[in-house]
2 protein chains.
Amino acid sequence: MAKKSPLSDEALEHVARRFAVLAEPMRLRLLQALFAGEMNVNALVEATGGTQANISRHLQTLTQAHVLARRKEGLQVFYAIADPSIFKLCELVCGSLEKQFTKNAGAFSR
Amino acid sequence: MAKKSPLSDEALEHVARRFAVLAEPMRLRLLQALFAGEMNVNALVEATGGTQANISRHLQTLTQAHVLARRKEGLQVFYAIADPSIFKLCELVCGSLEKQFTKNAGAFSR
DNA sequence: CAAGTATATGAGTCTATGCGCATACAAAGT
DNA sequence: ACTTTGTATGCGCATAGACTCATATACTTG
C-alpha cells in the first residue's frame, strides 16, 4: 500500500465532494438530528425547521453521497446515518474549532 | 460539558465553513503538498500546477480559516499546516471513500 | 532611486448550488 | 376510483465562490 503517494486528481475531487456535502448548516442539522437514530422526513422537517422541499433535497444530497441510508415503509421514508465516520469527522472539527475559540477568548480577555 | 446538546446555529455555520474550506480540490492539493512541511508560494505553485494568483487566493482562504500559518521571510512567504486535525480529517474521509469503492467494486465483480 | 522578484489583490466572468413555489408522484384508506 | 397524506422534483431566482487578467504592494539589490 503506497502510503505517501499523492492522491490522483480524481481522488481529490471525491474527497472535496465529500467535504462539500458536509459544508451546509442545514445538512449538519439533519445529521445532528439523526445522531439520535433513524427518522422520517416529516420528523426531520420539524426537527430542523426547514421547508419540506428543501429538506427533501438535502436528504437526497446526503443519500447520494452515501452518508445516509434510505428506507421506505409505506408512505413514509426513513433516513439514517450510513457512514459512521461522520461522527468522528464532526467531533474532530468541533474540537479544533473549540481550540480556536479559547485562543481568541484569551486574546480578548487581556 | 454538555455532550448531547444540539449545536447552536452559529456553531453549525462555523463547522460548515470549516468543511467548505476543505471542499476544493486545489486546496486539498495544497494541503497535500504541505504535509511534507513548510513551503513558500512559488514552490506551491509549481507543486500544484496552478496559477500564482489562484494559489495565493486559496492560501488566503486556508490561512483565514486557521488551517495554515503564514511566515514572511524577506521576499518570500512560507505557509505551513497550523491545524493538526487536518491530517486525521483527510485520513477519515479517504478511508470512508475507500470502503465505498471496494463495495462498489464488489458489486461489479459479481 | 531604479529595476527586479515574490506575493497579494481589484475587477469581471462563469458556474454551482441553496432556497421557495408549485406541482408531481406514491402509497394507503374510504 | 377518489381523496388524503407523505415525499420528491421541475423551474426560476439569487448568491457564493473559483478562476483569469492585469496591476498593486513589499522587499531586495545594483
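Labels below follow one simple rule: chain letters A, B, ... track the order of the sequence lines, proteins then strands, and each chain is numbered from 1. We use all heavy atoms of the structure for the numbers below, so side chains are in, but hydrogens, waters and symmetry mates are not.
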Heavy atoms from other residues, nucleotides or ligands near CZ of A:R71 exceed 12 (cutoff 6.0 Å): yes

DNA chain C: 5'-proximal contact among A:E73 and B:V41 (nearest heavy atom): B:V41

Strand-adjacent residues in residues 47-54 of chain A, judged by heavy atoms under 4.0 Å from DNA chain C: A:T51, A:A53, A:N54

Selection from C:dT9, D:dT7, C:dC19 that lies nearest to any side-chain heavy atom of A:M26: C:dC19

Nearest-Å distance for atom pair CD/P, residues A:E13 and D:dA18: 14 Å

B:Q60 side chain near C:dA8 phosphate (N/O to OP1/OP2, under 4.0 Å): no

OP1 or OP2 of C:dT7 under 4.0 Å from side-chain N/O of B:R70: no

N/O (side chain, B:K72) to phosphate O (OP1/OP2, D:dC27) under 4.0 Å: yes

Validation row: A:N40, A:Y79 side chains within 4.5 angstrom (heavy atoms): no

First of A:L59 and A:L75 reached from the 5' end of DNA chain D, by closest nucleotide: A:L75

Rounded distance (Å) that lies between atom C1' of C:dA28 and atom CD of A:Q76: 11 Å

Touch class at under 4.0 angstrom, heavy-atom based, for B:R17 against every strand present: nothing

Nearest non-hydrogen partners of A:F19 and B:L22, listed with the distance: CD1-O, 3.3 Å

Phosphate OP1/OP2 of C:dT17 contacted by A:R57 side-chain N/O (<4.0 Å): no

Side chains of A:H14 and B:V93 in contact at under 4.5 Å (non-hydrogen atoms): no

Shortest non-hydrogen separation from B:R27 to B:V21 and the atoms involved: NE-O, 2.6 Å

Closest heavy-atom pair and its distance - A:V45, A:Q52: CG2-CA, 3.8 Å

Closest heavy-atom pair and its distance - B:S85, B:R18: OG-NH2, 4.5 Å

Spacing of A:E46 atom CD relative to D:dT5 atom P, expressed in whole Å: 15 Å

Heavy-atom closest contact (B:P84 atom, B:A82 atom, distance): CD-O, 3.4 Å

N/O (side chain, A:H58) to phosphate O (OP1/OP2, C:dT17) under 4.0 Å: no

Under-4.0 Å side-chain N/O to phosphate OP1/OP2 contact, B:N42 with C:dT7: yes

For atom CZ of A:F19 and atom P of D:dG17, their distance in whole Å: 17 Å

Gap between atoms CD and P, on A:E24 and D:dT15 respectively (whole Å): 16 Å

Sugar-phosphate only, base, or nothing, as touched by B:Y79 at under 4.0 Å among non-hydrogen atoms: sugar-phosphate

Distance, rounded to the nearest Å, where B:N40 contributes CG and D:dC27 contributes C1': 15 Å

Length of the CZ-P vector between A:F78 and D:dA8, whole Å: 12 Å

